[in-house]
Structures are given as structure tokens and as C-alpha cells.
Visitor: 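Before anything else, here's the structure in question.
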Amino acid sequence: MSCNVIIIDDHPLFSRGLSQLIETQKDYKVIGLAKDRNEALTLLDNTTPDLAIVDLNLGQEDGLELIKDIIVIHPQTKILVLSMHDERFYAERAIKAGAKGYIMKEEAESQVINAIKTVTSGEIYLSENEKNRIKELSQGSPDSGELSDLISTLSDRQLQIFTLVGKGLGTVEIAKRLNLSIKTIDTHKENIKGKLHCASSAELRQMAIEWTNKAI
């Protein structure tokens with residue numbers, strides 16, 4: 001039985017290269033490419049993919065939110081995240097959002113086929129490092145760094161805003177991008193400052209810049 005795959009990534013050259021790699025495998029067929037949320041949802045309306053490979057960084061859009069949308073609209077479609085984002089900060093969130101696997105792009109060439117076959121067989125795919133990290137956390141072992149511990153306390157929306165701050169966006173820009181009110185963004189920022197123990201907006205901005213450069 002063939003497995004129909006769609007790829008949602010805002011880098012066309014990467015998508016085409018990945019598509020060619022997938023189609024070297026027997027019974028796997030790429031039936032569509034999308035570069036953003038709208039194209040992805042249109043593609044899902046017109047096709048019946050068994051697997052969606054999703055990048056978390058879709059230009060101005062958030063891949064975690066797209067995963068949640070896909071799960072609601074097309075629950076039969078399994079999702080594998082393939083992203084530049086550091087798995088330490090995003091893999092567990094992606095799984096909680098509904099994805100069945102997470103692989104970093106730096107591992108894609110050697111591991112992506114294994115990841116795809118693992119997910120389409122009904123199992124969860126994570127790297128050995130991430131499996132061990134989650135196991136250690138479940139046993140009460142401390143994470144490798146204090147900031148990582150603090151970041152893990154942020155909600156998905158707070159992490160999204162924190163990341164946008166790290167990319168240099170101001171409150172008004174973030175509000176427009178997320179279609180939220182300025183007051184809502186300010187409230188989120190205050191809550192983020194509290195969770196990360198930031199004394200000022202300037203300290204929050206500096207921490208966000210340093211973290212974003214590290215996590216991506």
C-alpha cells in the first residue's frame with residue numbers, strides 16, 4: 001500500500017530535494033508541496049495525505065499552531081516535524097501538539113527516511129539524545145541549563161512571542177502578526193518576564209535575542 005506524503009516548508013529548494021529523496025523509497029509518493037499555512041490547508045482539503053512533513057519556521061507563521069490545525073481538521077494525517085529548531089526546546093512541544101515525530105534538519109540526510117517510516121508505522125520518532133533527555137526529566141533529573149528549565153515553563157503562545165521578541169519585533173508588530181491586541185501582547189510579555197525572572201523589558205529582549213540565536 002502506497003503512502004502519500006505532503007511537505008510543508010517555506011524553502012522550495014529544500015522541499016524539492018526532500019521530495020526526490022522520499023520518492024526513491026518504494027511505496028512512498030509526494031503528492032504536494034506547500035510553503036505556508038494557507039497553501040497547506042488548501043492542499044489538505046484537496047488531497048488525502050497519510051503523512052505531513054512540517055517545518056516549524058514558516059516565515060511569519062508558527063508551525064506548532066499549524067500542527068494543531070491539522071490534527072483538528074485531518075486527524076487521520078500523521079505529522080513529522082522537520083525543523084532547524086533545536087529539539088531540546090521544541091520536540092516535546094511538537095509531540096504534545098499532535099506530531100508523531102521530530103527530526104532536526106541537520107540530521108535529515110541520514111535519518112529522515114528512518115523517521116518517516118517510523119512515524120508512518122504508527123510509532124513515535126525522536127533522536128536518541130531527545131529520548132534520553134525526556135527520560136531524565138521524567139525521573140526528576142535537572143536539565144542541562146537553568147534557562148532551558150525556565151523556557152520549558154512558557155506556554156506555546158508565550159514561547160512564540162518570546163521568539164518574535166528575539167527576532168527583533170516590537171509589541172505592535174507582534175500584535176499584527178499574531179492578530180492579537182497590543183494589550184494582550186503586553187500581558188503575555190509581563191507573564192514571560194515573571195517566568196524568566198527578567199527585571200525589565202530590555203533584559204527580556206536581550207535574553208530573547210540570545211536564546212533565539214541559540215535555539216535556531
Visitor: Where do A115 and I103 come nearest, in terms of heavy atoms and distance?
Guide: CB-CD1, 4.2 Å
Visitor: Can a salt bridge be assigned to the pair K68 and D156 using a cut-off of 4.0 Å between side-chain N and carboxylate O?
Guide: yes
Visitor: Verify side chain to side chain contact (heavy atoms under 4.5 Å, CB included) between R157 and L180, making sure each step is shown before the conclusion.
Guide: CA-CA 11 Å; R157 178 65 83 186; L180 297 172; 4.0 Å; yes
Visitor: Is V112 reachable from I95 through a run of I, L, V, M, F, W or Y residues, each pair having side-chain heavy atoms under 4.5 Å apart?
Guide: no
Visitor: Considering the options K35, R16, K105, which one meets the side-chain hydrogen bond (donor to acceptor under 3.5 Å, both in side chains) requirement together with D9?
Guide: K105
Visitor: So how far is it from L43 CG to N38 CG, rounded to the nearest 0.5 Å?
Guide: 12.5 Å
Visitor: How are the rings of W211 and F89 set relative to one another: parallel (under 30°), tilted (30 to 60°) or perpendicular (over 60°)?
Guide: perpendicular
Visitor: If you group Ile, Leu, Val, Met, Phe, Trp and Tyr by side-chain heavy-atom gaps below 4.5 Å, do I79 and L56 land in one group?
Guide: yes
Visitor: Kindly indicate whether the side chain of I31, heavy atoms from C-beta on, has any atom under 4.5 Å from the side chain of I6.
Guide: yes
Visitor: What heavy-atom pair brings Y90 and H85 nearest, and what distance separates the two atoms?
Guide: CD1-CB, 3.5 Å
Visitor: With a 4.5 Å heavy-atom cut-off, do Y28 and T120 have their side chains touching?
Guide: yes
Visitor: Can you find a heavy atom in the side chain of L196 that is under 4.5 Å from one in the side chain of I151?
Guide: yes
Visitor: Looking at every non-hydrogen atom in both residues, tell me the closest pair between V81 and A94 and how far apart they are.
Guide: CG2-CB, 3.9 Å
Visitor: Is the side chain of N4 donor-acceptor paired with the backbone N or O of D50 at a distance under 3.5 Å, no angle test?
Guide: no
Visitor: Please examine the side chains of N114 and Y125, heavy atoms only from C-beta on, and report whether any two atoms are closer than 4.5 Å.
Guide: yes
Visitor: To the closest 0.5 Å, what do you measure between CE (M207) and NZ (K193)?
Guide: 12.0 Å
Visitor: Testing the basics here: between L66 and R37, what is the closest heavy-atom pair and its distance to 0.1 Å?
Guide: CD1-CG, 3.9 Å
Visitor: Looking just at side-chain N and O atoms, do E87 and S127 make a donor-acceptor pair shorter than 3.5 Å?
Guide: yes
Visitor: Measuring only between side-chain heavy atoms, which start at C-beta, is E203 closer than 4.5 Å to Q206?
Guide: no
Visitor: Transitively linked via ILVMFWY side-chain contacts under 4.5 Å: V119 with I22?
Guide: yes
Visitor: Say whether, by atom type as modelled, one donor and one acceptor occur between the side chain of S19 and the main chain of S15 under 3.5 angstrom.
Guide: no
Visitor: Under 4.5 Å between any side-chain heavy atoms of T184 and L178, yes or no?
Guide: no
Visitor: Decide yes or no for D69 and H74: does some side-chain heavy atom of the first lie under 4.5 Å from some side-chain heavy atom of the second?
Guide: no
Visitor: Taking all non-hydrogen atoms of both residues into account, name the closest pair between D10 and L58 and its distance.
Guide: OD2-C, 3.6 Å
Visitor: Same cluster or not: L126 versus L64, using hydrophobic residues (I, L, V, M, F, W, Y) connected whenever any side-chain heavy atoms lie under 4.5 Å apart?
Guide: yes
Visitor: Around atom NZ of K100, are there more than 12 heavy atoms of other residues, nucleotides or ligands at under 6.0 Å?
Guide: no
Visitor: Examine Y102 and I53 and state if one hydrophobic cluster contains both, with Ile, Leu, Val, Met, Phe, Trp and Tyr joined whenever side-chain heavy atoms are less than 4.5 Å apart.
Guide: no
Visitor: At what distance, to the nearest 0.5 angstrom, does CD of Q76 lie from CD1 of I70?
Guide: 10.5 Å
Visitor: Rounded to the nearest 0.5 Å, what separation is found between the CD1 atom of I192 and the CG atom of L150?
Guide: 12.5 Å
Visitor: Give a yes or no on whether the backbone of E107 and the side-chain of Q111 come within a donor-acceptor separation of less than 3.5 Å.
Guide: no
Visitor: Using 0.5 Å steps for rounding, measure from the CD1 atom of I185 to the OG atom of S181.
Guide: 7.0 Å
Visitor: If you compare all heavy atoms of A97 against all heavy atoms of I67, which two are closest, and at what distance to 0.1 Å?
Guide: O-CG2, 3.7 Å
Visitor: How many angstroms lie between atom CG of L204 and atom CD of E190, to the nearest 0.5 angstrom?
Guide: 9.0 Å
Visitor: Does M104 reach the side chain of M84, with side-chain heavy atoms less than 4.5 Å apart?
Guide: no
